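Note that ligands are numbered from 1 as they come in the structure, with each ligand's atoms numbered from 1 the same way. Worth knowing before you read on, the calculation uses all heavy atoms, side chains too, and leaves out hydrogens, waters and symmetry mates. Because the structure is predicted, anything quoted here is derived from the model rather than measured.
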Amino acid sequence: MTSNLRLAAVNVRENAHAPYSKFKVGAAIRAASGTFFVGCNVENVAYPEGTCAEAGAIAAMVAAGETQLSEVYVVAGSDMPVTPCGGCRQKLAEFGAGDVVVTMATIGGVEQQTTLAELLPGAFGAAHMKG
Ligand code: THU
């Protein structure tokens, strides 16, 4: 399963639009139905308007009518496995349980696994808005 998710992330990374950072990222999500959704980073000359690979994959999943993710794979061309930024951690937590496995990887084949709960301890959630 994870190897297929890796292939999807590695392939979509090729389409990343990263002329400013030159740092291409690919993300693949396995949704609850088993369907894969992919995204790549899309940068913009107005730098803050750029979007992360994870955000693209999440948007594709939600646009297809799914709101539960079961596994996440993120890959970049760096020496160290790429770790989702703070904003993406919150975005992933919106659609995944704490025990969802997130694999962070390099194109070279280094892989590191963690969970959504480990990535975002003390996550802000709906419970914080009660009362
Ligand atoms: N980036 C992602 O797409 N995902 C991550 O997990 C980390 C960073 C992108 C944003 C930007 O286009 C480039 O990598 C450099 O920060």
Side-chain angles (χ1 to χ4, degrees):
M1 264 311 201
T2 302
S3 62
N4 293 338
L5 213 54
R6 172 178 172 81
L7 197 61
V10 167
N11 284 342
V12 72
R13 178 180 167 274
E14 291 298 318
N15 297 336
H17 177 71
Y20 308 106
S21 71
K22 313 265 192 262
F23 188 67
K24 292 185 165 196
V25 184
I29 285 172
R30 180 163 54 82
S33 69
T35 305
F36 289 3
F37 296 97
V38 296
C40 56
N41 52 332
V42 181
E43 297 182 351
N44 192 281
V45 65
Y47 295 174
E49 299 304 325
T51 51
C52 286
E54 296 90 327
I58 289 168
M61 179 184 77
V62 175
E66 292 215 50
T67 53
Q68 275 300 311
L69 56 86
S70 311
E71 193 177 348
V72 182
Y73 196 106
V74 190
V75 66
S78 44
D79 292 340
M80 278 169 65
V82 62
T83 175
C85 78
C88 283
R89 293 175 190 213
Q90 185 74 42
K91 289 183 179 78
L92 290 167
E94 178 77 12
F95 301 105
D99 62 356
V100 164
V101 172
V102 180
T103 304
M104 304 168 291
T106 71
I107 284 295
V110 180
E111 286 188 345
Q112 198 180 320
Q113 289 197 325
T114 185
T115 62
L116 283 182
E118 281 172 352
L119 282 175
L120 195 62
F124 172 73
H128 294 104
M129 295 173 64
K130 292 217 169 87

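Counting all heavy atoms, side chain and backbone alike, Thr115 lies closest to Gly98 at CB-O, 3.3 Å. Across all non-hydrogen atoms, the minimal contact from Val75 to Val10 is CG1-N, 3.9 Å. Closest approach of Arg6 and Glu111 over heavy atoms only: CD-OE2, 3.9 Å.
The closest donor-acceptor contact from the side chain of Glu43 to the backbone of Tyr20 lies under 3.5 Å. Looking at Asn15, its side chain never comes within 3.5 Å of a backbone N or O of Cys40 through a donor-acceptor pair.
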Requested in this report: Evaluate side-chain contact (heavy atoms from CB on, under 4.5 Å) for Val110 paired with Met80, printing each intermediate quantity in order.
Outcome: CA-CA 8 Å; Val110 180; Met80 278 169 65; over 6 Å; no
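Within the structure, the closest approach of Ala18 to ligand 1 does not fall below 4.0 Å when heavy atoms are considered.
Here the protein heavy atom with the shortest distance to atom 6 (O) of ligand 1 is Glu54 OE2, 2.5 Å.
Shown here, atom 12 (O) of ligand 1 is in close reach of the protein: a heavy atom of it lies under 4.0 Å off.
Checking only distances, Asn41 does come within under 3.5 Å of ligand 1, N or O to N or O. Where the criterion is an N or O separation shorter than 3.5 Å, residue side chain and backbone included, Thr51 fails it with respect to ligand 1.
Proximity of Thr83 to ligand 1, defined as any heavy-atom pair under 4.0 Å, is confined to the backbone N, CA, C and O atoms.
By heavy-atom distance, the residue among Ala57, Gly39, Cys52, Gly56 lying nearest atom 8 (C) of ligand 1 is Cys52.
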